[in-house]
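Positions are given from 1 along the sequence.
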Amino acid sequence: MGDGQRFSVSLQANGRQFQSYSVSFTEPWLGGRKPNSFGLSFQQSISRRLDYSTRRNETLGFLKLTGITVSLGRRVQWPDDFFTVSNSIGFMKYSLDNYGTSFGYSTGSSTSLTFNNTIARNSVDNPMYPRSGSNVSLSASFTPPYSLWRNIDYENADNATKYEFLEYHKWNLDLRYHLSLIGDLILAPRMHVGYIGSYTSKVDVGPFERFQLGGSGLTGQSFLLGTDIIGLRGYEDNTITPTDDRGTPNDGSDDVNGGTVFTKFVMELRYPISLNPSATIYGLTFFEGGNNWNNFDEFNPYDMYRSVGLGVRIFMPAFGLLGLDWAYGLDSAYGTNTLSGPQFHFSIGQQIR
């Protein structure tokens, strides 16, 4: 109602092991005249390693994230009226205390200060069940090049020191198209590509903001804080995840999990069951494929994990978008020689990828 301002509070928890809190505010008409939007958000999440052998489930270690983002966007009239440009500045601090080795070090902290620019075009005719139009989004994030002035020996420094200030540039491209075949039967192809790289060879890509593929793409799982989660139906959640083997020490304590390059291609065929605004329901069948690589030298767009399946989507204003998919993985599960086979996936909320 009113001018369309939005205020939201979110809480996720599964007990002491994982809690996440976020607060955000959006003003879509900053200044009251031009279509300029302003956004402010704050989030804090914590994941704990618990000792389940004791009755009190004592904490062995934790990973805590604290972040704030300020954004400003506007609609532009060139090349046409469907384009928007948005910019944001984000601050994130990752604090680890005896958390394990999946981020290359177990105790320490990393700080990320990013500037993001997103150019998007949205011409769909209906946000819940598009019959025509497209969505295009190109996003780029940059941190300061700290290595230019930090006086440390990057080649011999430990990971906790090397990644105290995160340094990277990150790119995401998302393309969606909707084509009406016969009446409400819609063909909806889409493509998603992501890349994260470093400015110089003397400091590599850090342990955070990397990509993990597989499953429904749901976020909020305790061991996946600080990662970019991409769904890929037909495979277990977040299993298509390469390891960046740093070579030393031999126990793998400095290895980092997550890819730096991913691709995903989807072809969906949709047909509505109900187009009532209070309960929009449609069925779909799909074919999709994708992969995740540790570095650009390993990138091969023809090497994909493929799947087929069918599903249903239900949108109700009180609950948002709910999804249930049955998918069959056509290739071996990541890192095994066993066919992935049938998988069920549940999703909630509108997925970006």
Side-chain angles (χ1 to χ4, degrees), residues 9-23 42-68 91-112 157-166 205-231 235-259 292 294 333-336 338 343-349:
V9 178
S10 175
L11 165 65
Q12 300 179 60
N14 67 353
R16 291 183 59 243
Q17 184 186 30
F18 173 75
Q19 294 101 40
S20 179
Y21 315 90
S22 65
V23 180
F42 171 82
Q43 69 174 97
Q44 185 172 71
S45 302
I46 185 168
S47 171
R48 296 182 176 91
R49 292 179 56 240
L50 302 178
D51 182 3
Y52 292 105
S53 64
T54 63
R55 180 175 299 180
R56 298 179 60 184
N57 293 341
E58 295 181 355
T59 300
L60 300 177
F62 65 83
L63 165 62
K64 182 167 67 173
L65 278 67
T66 303
I68 186 170
F91 171 85
M92 181 71 75
K93 185 172 184 179
Y94 306 87
S95 301
L96 292 85
D97 183 7
N98 192 30
Y99 191 70
T101 60
S102 60
F103 292 107
Y105 66 95
S106 61
T107 300
S109 65
S110 296
T111 299
S112 174
D158 60 83
N159 283 351
T161 302
K162 186 187 301 183
Y163 302 131
E164 182 179 0
F165 297 95
L166 298 177
V205 177
F208 299 102
E209 300 299 325
R210 291 174 173 244
F211 305 111
Q212 300 204 21
L213 269 68
S216 62
L218 283 175
T219 60
Q221 302 187 37
S222 61
F223 58 96
L224 292 177
L225 293 180
T227 62
D228 197 342
I229 300 172
I230 315 297
Y235 300 89
E236 295 285 348
D237 286 352
N238 315 302
T239 54
I240 305 177
T241 304
T243 299
D244 189 351
D245 186 358
R246 302 303 171 92
T248 57
N250 294 327
D251 61 3
S253 61
D254 62 347
D255 294 346
V256 174
N257 293 331
N292 192 12
N294 184 49
Y334 189 80
T336 73
T338 305
Q343 306 279 342
F344 279 98
H345 304 289
F346 172 76
S347 61
I348 181 170

Would you check, one step at a time, whether the test side chain to side chain contact (heavy atoms under 4.5 Å, CB included) holds for H345 with D237?
CA-CA 9 Å; H345 304 289; D237 286 352; 4.2 Å; yes
Under the 3.5 angstrom rule, does the side chain of N292 hit a backbone N or O of I240 as a donor-acceptor pair?
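Indeed, once roles are kept as given, a pair shorter than 3.5 Å links the two residues.
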Find the distance between [atom1] ([X]) and [atom2] ([Y]) and round it off to the nearest 0.5 Å.
X    : Y    : atom1 : atom2 : answer
S20  : N14  : OG    : CG    : 11.0 Å
F165 : S109 : CZ    : OG    : 8.0 Å
D158 : E164 : CG    : CD    : 10.0 Å
L60  : D51  : CG    : CG    : 5.0 Å
L65  : K93  : CG    : NZ    : 11.5 Å

Which heavy atom of [X] sits nearest a heavy atom of [Y], and at what distance?
X    : Y    : value
S47  : Y99  : OG-OH, 2.9 Å
G258 : N294 : O-OD1, 4.0 Å
Y163 : G206 : CE2-CA, 3.6 Å
D228 : E209 : CB-O, 4.3 Å
N98  : R49  : O-NH1, 2.7 Å
N257 : T243 : OD1-OG1, 3.2 Å

Any [X] side-chain heavy atom under 4.5 Å of [Y] side chain:
X    : Y    : answer
F208 : S110 : yes
T227 : R210 : no
Y334 : L213 : no

Show the numbers, then the answer: is there a side chain to side chain donor-acceptor pair (under 3.5 Å) between R16 and T59?
CA-CA 9 Å; R16 291 183 59 243; T59 300; 2.6 Å; yes
Full working for side chain to side chain contact (heavy atoms under 4.5 Å, CB included) between T111 and F91
CA-CA 8 Å; T111 299; F91 171 85; 3.4 Å; yes
Mind checking side chain to side chain contact (heavy atoms under 4.5 Å, CB included) for Q43 and listing every partner two or more places apart, or none if nothing turns up?
S22, S45, M92
Using the side chain to side chain contact (heavy atoms under 4.5 Å, CB included) criterion, which residues pair with F62? Sequence neighbours excluded.
I46, R48, K64, D97
Between Q12 and F18, does the side chain to side chain contact (heavy atoms under 4.5 Å, CB included) criterion hold? Intermediate values first, please.
CA-CA 8 Å; Q12 300 179 60; F18 173 75; 4.2 Å; yes
Report the C-alpha separation of T107 and L96 in whole Å, then their side-chain angles, then the decisive distance to 0.1 Å, and conclude whether the side chain to side chain contact (heavy atoms under 4.5 Å, CB included) test is met.
CA-CA 5 Å; T107 300; L96 292 85; 5.8 Å; no
